[in-house]
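Notes to accompany the following structure.
Hydrogens, waters and symmetry mates play no part in the numbers below; they use all other heavy atoms, side chains included.
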Amino acid sequence: MMRVQALGGFDAKGPACFMVDTGRARLLLDMGKGPDAGRRPDLSGIGRVDAVLISHGHADHVGSLDLLDRIGSPPVYATAPTRALAETPALRDAQDLPIRGDIAGVSVETGLAGHAPGAVWMRVGGPGGLVYSGDYAEGTGLFPSAALPRAHTAILDCSYGVEPDHLTTQIAALMQLAVDGPCLLPAPPAGRGLEIALALLDSGRRVSICDQIRQVGKVMLSHGDWLGSTGVSDLDRLLNNAGRLEPDSPMQGIMVAAGANCGSGLSEKLGPRALSAGVPIIFTGHLSQGSPAYDWVREGRATQVRWNVHPDRATLETLLSQTAAKIVIPAFATAAHRQSLSAAFPAVSWAAQGDISW
């Protein structure tokens with residue numbers, strides 16, 4: 001018998017943390033924090049864990065690794081790019097998460113998830129086990145994705161519910177708003193920041209990027225096998241042609257700065273400057289509650305134009321078909337999103353709770 005428990009990431013946007021008990025070993029899939037109000041997974045009473053498997057390095061998937069001692073200080077596994085970009089020793093010193101291998105006596109397989117540098121999906125226990133999409137996106141090709149395998153149970157990224165817009169539609173909308181500038185685009189450095197900057201550069205805009213985003217690009221050049229077919233040349237072009245964005249840089253052109261919600265990175269300093277100067281600010285991701293982005297968009301002082309880094313409806317339909325799962329746990333979906341998912345895909349057996357055994 002296998003069992004999966006959502007210790008976070010069910011009925012809410014994060015934090016990602018799923019316990020899988022195969023009967024032979026107990027594995028934790030991700031160990032995140034946030035993204036809203038610094039939420040932590042519920043680790044109370046779960047006891048010792050044999051290993052922690054990390055899908056990618058974003059805080060809502062790794063931000064609670066400082067609590068490893070509460071679960072017996074198990075080994076952590078992550079991909080090479082995730083380790084190379086890590087800011088904490090627990091992740092930087094993690095063991096390699098294999099494409100196909102054995103962890104704590106359990107079969108584990110991984111594949112590209114497209115969402116961020118080094119992001120992967122995982123299958124635990126083979127076709128009769130569990131597949132976890134992690135955060136999944138088809139992307140623009142810089143960070144490619146691979147088809148999910150079949151499994152009895154699936155934990156799928158349902159962050160957007162049944163979002164109808166494809167990324168190409170969203171890119172077109174962004175291009176209409178982000179004229180040649182000045183315009184500030186806060187973004188996660190290890191994620192859509194590089195993709196957004198590259199798309200705008202290729203459209204003929206004047207683009208500048210902060211040092212944090214530039215450093216991610218340099219790291220990924222040394223992990224070219226994790227990029228799409230033209231990824232290395234694309235990153236070379238971006239790094240050679242994008243301007244350098246610094247705290248005292250003039251407000252000009254398209255400025256892509258680290259810090260998705262203007263609460264961290266260079267965008268934390270540039271956001272207030274842009275507001276005071278009347279420079280448009282466009283947010284492209286989740287607006288974390290309590291963040292400057294959340295308040296500014298609600299107040300009409302900034303704009304949100306989504307850039308998909310999670311499945312839209314068509315992508316989710318494809319994932320459901322690929323996994324052919326008998327039961328699906330809708331990860332990172334609110335209660336309202338779960339209702340819309342049930343209505344859109346009535347033939348799917350959606351889990352009503354985050355604790356499933358089979």
Side-chain angles (χ1 to χ4, degrees), residues 6 8-17 30-41 55-64 113-117 119 133-140 143 155-167 169-171 173-174 177 184-196 213 256-265 267-268 271 281-313 315-316 330-338 340-341:
F10 184 80
D11 248 0
K13 175 61 177 167
C17 191
D30 285 333
M31 201 170 172
K33 178 182 179 181
D36 296 327
R39 291 175 181 160
R40 298 275 201 168
S55 66
H56 65 287
H58 289 167
D60 56 333
H61 292 254
V62 302
S64 285
H115 171 80
S133 70
D135 283 354
Y136 188 95
E138 288 187 314
T140 59
F143 306 123
I155 305 174
L156 297 184
D157 178 4
C158 295
S159 298
Y160 295 156
V162 288
E163 166 64 51
D165 287 343
H166 188 270
L167 180 58
T169 302
Q170 296 168 337
I171 291 176
L174 181 62
L177 288 177
L184 177 63
L185 283 162
R192 63 181 176 273
L194 286 168
E195 293 182 305
I196 289 173
I213 291 176
V256 186
N261 284 267
C262 282
S264 63
S267 72
E268 185 174 11
I281 304 175
I282 303 175
F283 295 102
T284 54
H286 176 74
L287 305 177
S288 297
Q289 295 177 18
S291 70
Y294 184 85
D295 293 335
W296 295 346
V297 170
R298 291 186 66 188
E299 295 163 1
R301 305 171 73 192
T303 304
Q304 182 187 32
V305 177
R306 179 174 285 160
W307 177 288
N308 282 352
V309 288
H310 302 283
D312 58 19
R313 176 175 176 151
T315 303
L316 184 55
F332 322 128
T334 63
H337 278 161
R338 289 202 296 115
S340 66
L341 290 164

K13-S159 side chain donor-acceptor pair, cut-off 3.5 Å: yes
Stacked cation flag R192 on F143, 6.0 angstrom / 45 deg: no
Audit row: D11, R338, salt bridge (Lys or Arg N to Asp or Glu O under 4.0 Å) steps and yes/no: CA-CA 8 Å; D11 248 0; R338 289 202 296 115; 2.7 Å; yes
Distance-only side-chain donor-acceptor flag, S55 / D30, under 3.5 Å: yes
Candidate pair Y160 and H310, rule ring-ring contact (aromatic ring centres under 6.0 Å, His included), full reasoning: CA-CA 7 Å; Y160 295 156; H310 302 283; 5.1 Å; yes
D312 vs L167, side chain to side chain contact (heavy atoms under 4.5 Å, CB included): CA-CA, chis, key distance, verdict: CA-CA 8 Å; D312 58 19; L167 180 58; over 6 Å; no
Residues Q170 and N308: side-chain donor-acceptor under 3.5 angstrom: yes
H56 and H61 aromatic ring geometry - parallel, tilted or perpendicular at 30°/60° bounds: tilted
Trace of the side chain to side chain contact (heavy atoms under 4.5 Å, CB included) decision for I196 with L185: CA-CA 9 Å; I196 289 173; L185 283 162; 4.0 Å; yes
S291/W296 under side chain to side chain contact (heavy atoms under 4.5 Å, CB included): CA gap, chis, key distance, verdict: CA-CA 9 Å; S291 70; W296 295 346; over 6 Å; no
By salt bridge (charged side-chain N to carboxylate O under 4.0 Å, His left out) - contacts of E268 (at least two apart): none
Spatial distance of atom CZ (F332) from atom CD1 (I155) [nearest 0.5 Å]: 8.0 Å
